[in-house]
2 protein chains.
Amino acid sequence: MGMVEKKSGSEFSERLSTGGFRFTPQRQHVYDVVMQKRDHPTAEEIFIRTKRTMPEISHATVYNCLDALVKCGLVRQVQLERGATRFCPNMEEHCHYFCDACGEVFDVPLQKDSTTMPGPKGFQVDHYDIAVHGLCADCAGSRKK
Amino acid sequence: MGMVEKKSGSEFSERLSTGGFRFTPQRQHVYDVVMQKRDHPTAEEIFIRTKRTMPEISHATVYNCLDALVKCGLVRQVQLERGATRFCPNMEEHCHYFCDACGEVFDVPLQKDSTTMPGPKGFQVDHYDIAVHGLCADCAGSRKK
DNA sequence: CTATATGCAAATAGTTTGCCTGTTA
DNA sequence: TAACAGGCAAACTATTTGCATATAG
């Protein structure tokens with residue numbers, strides 16, 4: 001489930017150059033790291049994971065890579081709470097159920113259609129960012145006690 | 001339009017105590033400041049505005065007040081981009097159209113119904129947080145040139 | 001060969017914390 | 001008169017920037 005499909009090497013660099021960016025091994029590594037685990041890591045977490053296979057990578061480069069990947073539509077960026085931005089490998093239209101107690105994030109695919117609200121005149125929509133806040137089953141359960 | 005209705009003094013302190021908080025003049029001031037202008041200020045901006053009528057207020061207190069107000073359902077907190085959290089006086093169900101170019105925020109009321117997607121089993125929804133990213137009319141226009 | 005990207009370190013937000021004093025209920 | 005809230009400054013976390021070097025196209 002969930003079309004978290006990693007782009008092949010050639011499609012990856014094509015996407016980069018279409019976006020006006022060069023291919024670099026750092027960008028490839030950061031991309032690989034984000035696609036590898038289907039969670040919602042912060043830049044710091046991605047930095048740590050990337051260092052495992054590329055110890056010389058720097059903080060600034062990770063931010064730079066992530067920005068490039070976001071601009072090319074290869075990963076998504078989400079703000080679920082105060083503090084660190086998270087990154088998401090799932091480029092399918094979906095929303096995030098976020099547990100305010102434990103921080104767990106669940107991707108839920110979005111059925112088309114529902115998004116037919118008229119916005120401000122002339123607003124050119126790029127993408128939707130839908131988060132549902134609350135308590136996950138585990139946390140809701142343990143609060144009842 | 002937009003039910004941005006400021007609570008009366010007594011209703012305000014009642015809301016606070018229901019949430020387990022005490023009434024303080026600082027909380028009142030911060031609340032007044034947020035309700036006064038229908039925009040989406042950051043904590044820093046609220047700090048600056050509050051200082052005008054209450055020069056001795058501190059940074060930490062503004063954060064504390066805002067947290068209390070959010071927990072009591074008196075203001076909303078939104079994360080629209082990397083960086084500072086913004087606060088919103090509009091407690092009506094609505095979504096935010098956010099211009100990625102100039103940072104302008106537009107509130108758009110949400111018609112009920114549309115939100116009938118099944119989430120993760122047992123997830124206890126508290127609230128929805130819907131942002132629409134893109135370019136406002138002005139910014140979309142000036143890019144065409 | 002040249003624009004773009006990297007690495008490093010320092011700078012800058014944004015937010016939180018600790019500690020002591022003041023105030024609310 | 002407790003428990004909670006405020007003020008201040010320092011600590012922390014997240015992100016950005018400047019600059020010299022390296023590298024992709």
Side-chain angles (χ1 to χ4, degrees), chain A residues 9-10 12-31 33 40-51 53-72 74-75 77-87 103, chain B residues 9-10 12-33 40-51 53-72 74-75 77-87 100 103:
Chain A
S10 60
F12 175 72
S13 40
E14 198 174 303
R15 283 287 204 108
L16 277 176
S17 72
T18 302
F21 297 96
R22 294 181 176 170
F23 171 91
T24 70
Q26 287 82 349
R27 285 174 181 161
Q28 179 75 70
H29 262 74
V30 168
Y31 180 63
V33 160
H40 299 76
T42 62
E44 179 63 23
E45 181 60 31
I46 293 166
F47 173 65
I48 292 167
R49 292 186 199 168
T50 307
K51 257 184 123 64
T53 45
M54 184 177 261
E56 72 282 11
I57 200 166
S58 73
H59 238 120
T61 297
V62 169
Y63 278 98
N64 167 2
C65 292
L66 288 169
D67 285 349
L69 297 178
V70 167
K71 283 186 187 130
C72 297
L74 287 160
V75 310
Q77 186 174 27
V78 275
Q79 306 291 142
L80 292 167
E81 40 170 357
R82 242 187 242 183
T85 302
R86 287 150 175 269
F87 295 85
Chain B
S10 59
F12 175 72
S13 41
E14 197 173 306
R15 283 284 204 112
L16 278 175
S17 73
T18 303
F21 297 95
R22 292 181 177 168
F23 170 91
T24 70
Q26 286 82 350
R27 286 176 179 160
Q28 179 74 70
H29 263 73
V30 167
Y31 179 64
D32 290 351
V33 159
H40 298 75
T42 61
E44 178 63 22
E45 180 60 33
I46 294 166
F47 172 65
I48 291 167
R49 292 187 200 167
T50 308
K51 257 184 122 66
T53 46
M54 184 177 261
E56 71 283 11
I57 201 166
S58 73
H59 239 120
T61 298
V62 170
Y63 278 98
N64 166 2
C65 291
L66 288 170
D67 286 348
L69 298 178
V70 167
K71 283 189 187 129
C72 297
L74 288 160
V75 310
Q77 186 176 25
V78 276
Q79 306 291 142
L80 292 167
E81 40 168 358
R82 241 186 242 181
T85 303
R86 288 150 174 271
F87 296 84
D100 291 311

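Every chain is numbered from 1 and lettered A, B, ... according to where its sequence line falls, protein lines coming before strand lines.
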Within residues 40-48 of chain B: residues closer than 4.0 Å to DNA chain D (heavy atoms): none
Distance in angstrom units between Q28(A) CD and dA24(D) P, rounded: 13 Å
query: How many Å lie between CZ on R86(A) and C1' on dA14(D), as a whole number?
result: 14 Å
message: In whole Å, I'd like the distance from the CZ atom of R27(A) to the C1' atom of dT6(C).
response: 10 Å
- prompt: Can you tell me how far CG of D67(A) sits from CD of Q77(A), rounded to the nearest 0.5 angstrom?
  reply: 6.5 Å
query: Can you tell me how far the CZ atom of F12(B) sits from the SG atom of C72(B), to the nearest 0.5 Å?
result: 8.0 Å
message: Counting only side-chain heavy atoms from C-beta out, which of dT6(C), dT23(C), dA5(C) sits nearest to R22(B)?
response: dT23(C)
- request: Taking T61(A) for its side chain and I57(A) for its backbone only, find out whether a donor-acceptor pair lies under 3.5 Å.
  value: no
message: Between R27(A) and R22(A) (side chain of the first, backbone of the second, donor and acceptor by atom type, cut-off under 3.5 Å), is there such a pair?
response: yes
- request: Compare the minimum distances between each of dG7(C), dG6(D), dT15(C) and the side chain of H59(B), then state the nucleotide with the smallest one.
  value: dT15(C)
message: Pick the closest DNA chain D nucleotide for T24(B) and for G83(B) by heavy atoms, then say which residue is nearer the 5' end.
response: T24(B)
field: Whole angstrom value for the distance that separates P of dC4(D) from CG of L16(B)
entry: 15 Å
field: Ion pair check, E45(B) and R86(B), cut-off under 4.0 Å
entry: no
message: Run the side-chain contact (heavy atoms from CB on, under 4.5 Å) test on F87(B) and V78(B) for me, step by step, so that the C-alpha distance in whole Å, both residues' side-chain angles and the decisive distance to 0.1 Å come before the verdict.
response: CA-CA 6 Å; F87(B) 296 84; V78(B) 276; over 6 Å; no
- prompt: Between atom OH in Y63(A) and atom P in dC8(C), what is the gap in whole Å?
  reply: 17 Å
field: Under 3.5 Å donor-acceptor pair, R82(B) side-chain atoms to dA14(D) base atoms
entry: no
- prompt: So, is Q26(B) close to the dT23(C) phosphate, meaning a side-chain N or O under 4.0 Å from OP1 or OP2?
  reply: no
query: What nucleotide among dA14(D), dT17(C), dG14(C) has an atom nearest to a side-chain atom of A60(B)?
result: dT17(C)
Selected nucleotide, minimal atom distance to T61(A) side chain, candidates dA3(D), dT15(D), dT6(C): dT6(C)
query: Rounding to a whole Å, what distance do you find between N64(A):CG and dT15(D):P?
result: 15 Å
Options dG6(D), dA24(D), dG7(D), nucleotide nearest the side-chain atoms of E56(B): dG7(D)
query: T85(A) side chain: which of dG6(D), dT15(D), dA5(C) is closest?
result: dT15(D)
message: Checking side-chain polar atoms at under 3.5 Å, does Q79(A) have a donor or acceptor matched by the opposite partner on T85(A)?
response: yes
task: Looking only at side-chain atoms of I57(B), point me to the closest of dG14(C), dA5(C), dG7(D).
output: dG7(D)
query: Side-chain contact, heavy-atom cut-off 4.5 Å: F21(B) with K71(B)?
result: yes
- prompt: Rounding to a whole Å, what distance do you find between D67(B):CG and dC4(D):P?
  reply: 16 Å
query: How close or far is atom P of dG6(D) from atom CZ of F23(B), stated in whole angstroms?
result: 11 Å
